[in-house]
Amino acid sequence: MRHQNLTRKIYSEKDIAKVELQLLLLGDQAKYDAVTYMNIRFLTSIMVFCLILYLMKSGYLFAPLLTIIYYYLFGYITLTRPIKARTRKLDREALYFFEILTLTLESGRNLENALEITVFNVDSEISNEFKKTLFEIKFGKSLMEALEHMKKRIPSETINNIILNITQTSVFGNSIIDTMYHQIDFLRDKQILAIKGEMAKIPNKISIISVLFIVPLILLLILGPFVIQILS
């Protein structure tokens, strides 16, 4: 409790709320609450400052700069990068999950029952998030409320847009199967574009490898005999 009060004196409620949101987007990877996380980051930054000040002769010059770099690097490594990696993972899993969900809806089941069957048969990150949503429904939330809360845990804008379309379809009484077909087509097109983008990067990667390794090797093979002759 004491460390929580310390953090709330150092940081504003806005900063704490921001970290809470980022930790929520980490899903099951989040090991700490926002207050504990911010205390760890703050205290380790002080330790880095003192260590640099003690070990380096010009520590008073480098300690502030390196401590600031460590502070932001800590946030990037523990929050920003894992959130981006989780976003990519969720996007990869989305197409298969929603295809199974659509097939289940086509059998005549309502959305809640279709979700239950889908999460039971699909083992993935996105499936686990829908399991949490169904768990919230069993404890009194409506399906729409649970889906809205789920969006706060999902860092992927693509998946959140699909959830938004599902909720709007349910509210306005449109055909959810037609909506899902449109979303699946969108996901499929997005994956194709992503693959094409990765393929377009291959020539650049090959060029870099050639410049760093192959070209020097060729030059060594060509110039090697002359260098040996000169040295001998």
Side-chain angles (χ1 to χ4, degrees), residues 13-38 78-191:
E13 291 296 329
K14 182 179 178 181
D15 291 332
I16 295 174
K18 182 180 178 181
V19 173
E20 285 177 344
L21 178 60
Q22 289 177 308
L23 290 171
L24 195 62
L25 294 176
L26 278 178
D28 295 334
Q29 298 179 51
K31 304 301 181 183
Y32 307 103
D33 58 77
V35 172
T36 302
Y37 174 85
M38 296 176 83
T78 58
L79 288 178
T80 306
R81 189 171 66 174
I83 289 172
K84 289 181 179 179
R86 186 168 186 252
T87 301
R88 291 192 295 269
K89 183 179 181 182
L90 288 169
D91 285 340
R92 287 195 302 267
E93 296 173 349
L95 179 60
Y96 178 70
F97 180 88
F98 288 114
E99 282 178 337
I100 300 300
L101 177 61
T102 303
L103 290 173
T104 310
L105 288 167
E106 286 179 337
S107 65
R109 292 175 172 83
N110 61 33
L111 179 58
E112 186 175 338
N113 290 335
L115 283 171
E116 290 176 353
I117 294 171
T118 304
V119 300
F120 181 77
N121 290 282
V122 179
D123 183 18
S124 63
E125 183 92 7
I126 188 172
S127 180
N128 291 335
E129 287 299 331
F130 275 103
K131 284 179 184 177
K132 295 176 185 177
T133 299
L134 293 171
F135 186 78
E136 291 177 356
I137 293 171
K138 290 181 180 179
F139 279 84
K141 283 188 177 182
S142 68
L143 177 59
M144 297 303 104
E145 288 174 339
L147 287 174
E148 283 297 322
H149 186 253
M150 177 182 171
K151 287 167 61 179
K152 297 178 181 179
R153 305 192 303 268
I154 300 293
S156 169
E157 291 186 8
T158 301
I159 296 174
N160 281 337
N161 286 334
I162 293 174
I163 295 172
L164 177 62
N165 286 321
I166 290 173
T167 56
Q168 288 181 340
T169 299
S170 298
V171 170
F172 295 107
N174 298 326
S175 173
I176 190 168
I177 295 177
D178 290 341
T179 299
M180 292 310 301
Y181 275 132
H182 289 307
Q183 299 306 316
I184 288 171
D185 289 339
F186 172 75
L187 288 171
R188 191 175 288 114
D189 291 340
K190 184 177 180 180
Q191 284 196 3

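Only this structure's heavy atoms are used, side chains among them; waters, hydrogens and symmetry mates stay out. Since the structure is predicted, the reported quantities are computational estimates derived from the model, not experimental observations.
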Worksheet entry | Passing candidate, salt bridge (charged side-chain N to carboxylate O under 4.0 Å, His left out) with Arg153, options Glu20, Glu125, Glu136 |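 In the set Glu20, Glu125, Glu136, the residue that makes a salt bridge (charged side-chain N to carboxylate O under 4.0 Å, His left out) with Arg153 is Glu136.
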Worksheet item: In chain order, what residues pass the salt bridge (Lys or Arg N to Asp or Glu O under 4.0 Å) check against Asp185, with sequence neighbours excluded?
Response: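 Testing Asp185 for salt bridge (Lys or Arg N to Asp or Glu O under 4.0 Å), a comparison that skips the adjacent residues, returns Arg188.
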Discussion item. Among residues at least two apart in sequence or on other chains, which ones pass salt bridge (Lys or Arg N to Asp or Glu O under 4.0 Å) with Lys18?
Written reply: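 Lys18 satisfies salt bridge (Lys or Arg N to Asp or Glu O under 4.0 Å) with no residue once adjacent residues are dropped.
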Discussion item. If I compare all heavy atoms of Leu23 with all of Asp33, which pair ends up nearest, and what's the gap?
Written reply: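 Leu23 and Asp33 have their closest heavy atoms at CD1-C, 3.6 Å.
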Worksheet item: Looking only at heavy atoms, which two atoms of Thr104 and Ala114 are closest? And how far apart?
Response: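 Minimum heavy-atom separation between Thr104 and Ala114: CG2-CA, 3.6 Å.
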With side chains defined as the heavy atoms from C-beta onward, is the minimum distance between [X] and [Y] less than 4.5 Å?
X      : Y      : result
Thr118 : Leu115 : no
His182 : Asn165 : no
Asp91  : Lys190 : yes
Ile154 : Lys151 : no

Value rounded to 0.5 Å, distance of [atom1] in [X] from [atom2] in [Y]:
X      : Y      : atom1 : atom2 : value
Ile159 : Phe98  : CD1   : CZ    : 6.0 Å
Asp178 : Thr102 : CG    : OG1   : 10.5 Å
Ile162 : Ile184 : CD1   : CD1   : 8.5 Å
Asn160 : Lys152 : CG    : NZ    : 11.5 Å
Leu105 : Met180 : CG    : CE    : 7.0 Å
Leu101 : Ile176 : CG    : CD1   : 7.0 Å

Practice prompt. Using the test ring-ring contact (aromatic ring centres under 6.0 Å, His included), find all partners of Phe186 that sit at least two apart in sequence or belong to another chain.
Written response: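 In terms of ring-ring contact (aromatic ring centres under 6.0 Å, His included), with neighbours along the sequence ignored, Phe186 is linked to no residue.
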Item to complete: Return the set of residues passing ring-ring contact (aromatic ring centres under 6.0 Å, His included) with Phe130 (not counting sequence neighbours), or none when no residue passes.
Response: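 With neighbours one apart ignored, the set is Phe97.
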Checking [X] now: which residues fulfil side chain to side chain contact (heavy atoms under 4.5 Å, CB included) with it, not counting sequence neighbours?
X      : result
Arg81  : Tyr76, Ile77
Glu157 : none
Glu145 : Lys141, Ser142
Asn161 : none

Worksheet item: Taking everything shown except Asp123 itself, do over 12 heavy atoms lie less than 6.0 Å from its CG?
Response: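 Open.
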Practice prompt. Check the surroundings of atom NZ in Lys131: do more than 12 heavy atoms from other residues, nucleotides or ligands lie under 6.0 Å from it?
Written response: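 Yes, enclosed.
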Worksheet item: Taking it one step at a time, do Ile137 and Leu134 satisfy side chain to side chain contact (heavy atoms under 4.5 Å, CB included)?
Response: CA-CA 5 Å; Ile137 293 171; Leu134 293 171; 4.1 Å; yes
Worksheet item: Thr87: what forms a side chain to side chain donor-acceptor pair (under 3.5 Å) with it, not counting sequence neighbours?
Response: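 Thr87 satisfies side chain to side chain donor-acceptor pair (under 3.5 Å) with no residue once adjacent residues are dropped.
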Fill in: All side chain to side chain donor-acceptor pair (under 3.5 Å) counterparts of Asn121, not counting sequence neighbours
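Per chain and number, Asn121 pairs via side chain to side chain donor-acceptor pair (under 3.5 Å) with no residue.
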Discussion item. Assess the residue pair Ser124 and Tyr96 against the criterion (side-chain hydrogen bond (donor to acceptor under 3.5 Å, both in side chains)); give the C-alpha distance rounded to whole Å, side-chain angles, the decisive distance to 0.1 Å, and a yes or no.
Written reply: CA-CA 10 Å; Ser124 63; Tyr96 178 70; over 6 Å; no
Worksheet item: Restricting to pairs with a member in residues 133-166, which pass ring-ring contact (aromatic ring centres under 6.0 Å, His included), not counting sequence neighbours?
Response: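 The answer is Phe135-Phe139.
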What donor-acceptor contacts under 3.5 angstrom involve side-chain atoms of residues 24-32, with partners at least two apart or in another chain?
| unit_1 | atom_1 | unit_2 | atom_2 | d |
| --- | --- | --- | --- | --- |
| Asp28 | OD1 | Lys132 | NZ | 3.0 |

